[in-house]
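Since the structure comes first, as structure tokens, the remarks are kept for the end.
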Amino acid sequence: QLQLVESGGGLVQPGGSLRLSCAVSGFSLDYYGIGWFRQAPGKEREGISCISRNGGRTAYADSVKGRFTISRDDAKNTVYLQMNSLKPEDTAVYFCAAAGPIYERSRLPGLERAAFGSWGQGTQVTVSS
């Protein structure tokens, strides 16, 4: 059974940075595309970034483009989300999710929730002065 565990959340001032980690166990990360989602209080869960199996393709929501970077280290079975220039509106619970197994290594899973079958429990990110 595929399991995902997020870490790295916390309280940060506006303009600051955090790096979230998503540790995957139960199956080789190599077979899966990974996405990051977030959910703010009273709002729908939104997809913010995803990465293909081979790490060669990435996608970002407009709200985080240019500030967030997704990457993966299959040797460590871990996916990262580097978040820079954080804003108060980035405050949310952040989730990672796995889509697959995917046959095509360069295919992006997309940013729709329905594409992802396994989810982590989330980590809180609060951006406040």
Side-chain angles (χ1 to χ4, degrees):
Q1 183 178 356
L2 193 66
Q3 292 185 321
L4 300 92
V5 178
E6 304 92 339
S7 61
L11 173 65
V12 63
Q13 291 187 341
S17 298
L18 282 175
R19 188 176 79 158
L20 304 184
S21 298
C22 174
V24 178
S25 62
F27 213 84
S28 175
L29 177 62
D30 179 57
Y31 292 93
Y32 292 83
I34 300 294
W36 282 98
F37 291 74
R38 67 184 182 186
Q39 188 166 18
K43 293 189 176 181
E44 293 288 319
R45 190 173 299 187
E46 63 168 334
I48 56 172
S49 185
C50 65
I51 189 167
S52 61
R53 272 187 62 190
N54 63 3
R57 296 183 67 196
T58 59
Y60 299 91
D62 288 343
S63 57
V64 305
K65 197 173 294 182
R67 300 187 297 123
F68 291 11
T69 303
I70 190 171
S71 61
R72 60 190 292 158
D73 185 341
D74 287 359
K76 295 182 179 180
N77 253 28
T78 302
V79 176
Y80 304 98
L81 186 68
Q82 178 67 43
M83 306 187 297
N84 298 329
S85 302
L86 283 162
K87 306 174 182 180
E89 51 263 43
D90 294 318
T91 295
V93 178
Y94 284 70
F95 302 86
C96 63
I102 296 176
Y103 175 75
E104 185 179 344
R105 292 180 58 80
S106 62
R107 185 169 78 85
L108 281 170
L111 298 179
E112 296 297 324
R113 290 181 62 178
F116 296 83
S118 300
W119 293 80
Q121 83 291 346
T123 185
Q124 176 71 46
V125 172
T126 303
V127 185
S128 175
S129 55

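Keep in mind it's a predicted model, so treat the numbers as computed, not measured.
C22 pairs by the disulfide bond (SG atoms under 2.5 Å apart) definition with C96, not counting sequence neighbours. With sequence neighbours excluded, the residues that form a side chain to side chain contact (heavy atoms under 4.5 Å, CB included) with A92 are R38, A40, Y94.
D90 is not listed as a side-chain neighbour of V125, based on a closest heavy-atom distance of 4.5 Å or more. Side-chain contact between T69 and Y60 is present, with at least one heavy-atom pair separated by less than 4.5 Å.
A distance of 8.5 Å separates OG of S71 from CG of L81, quoted to the nearest 0.5 Å. Separating the CZ atom in R72 from the CG atom in L29 is a distance of 4.0 Å, to the nearest 0.5 Å. The distance from atom CE of M83 to atom CZ of R67, rounded to the nearest 0.5 Å, is 9.5 Å.
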| query | Can you check salt bridge (charged side-chain N to carboxylate O under 4.0 Å, His left out) on R105 and D30, steps first, answer last? | reply | CA-CA 9 Å; R105 292 180 58 80; D30 179 57; 3.0 Å; yes

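Note on I102: it does not cluster hydrophobically with L4, by side-chain heavy-atom contacts below 4.5 Å among ILVMFWY residues. Under a hydrophobic clustering in which Ile, Leu, Val, Met, Phe, Trp and Tyr are joined whenever their side-chain heavy atoms come within less than 4.5 Å, directly or via other members, L86 and W36 fall into the same cluster. I51 is connected to L20 through a chain of hydrophobic side-chain contacts under 4.5 Å among Ile, Leu, Val, Met, Phe, Trp and Tyr, so both are in one cluster.
Of the residues listed (V12, T126, V127), the one engaging L18 in a side chain to side chain contact (heavy atoms under 4.5 Å, CB included) is V12, and it is the only one.
With hydrogens and angles disregarded, no donor-acceptor distance shorter than 3.5 Å links the side chain of R53 to the backbone of E104.
Counting only residues at least two apart or on different chains, the ring pair (Phe, Tyr, Trp, His ring centres under 6.0 Å) pairs with a member in residues 105-125 are F37-F116, F37-W119.
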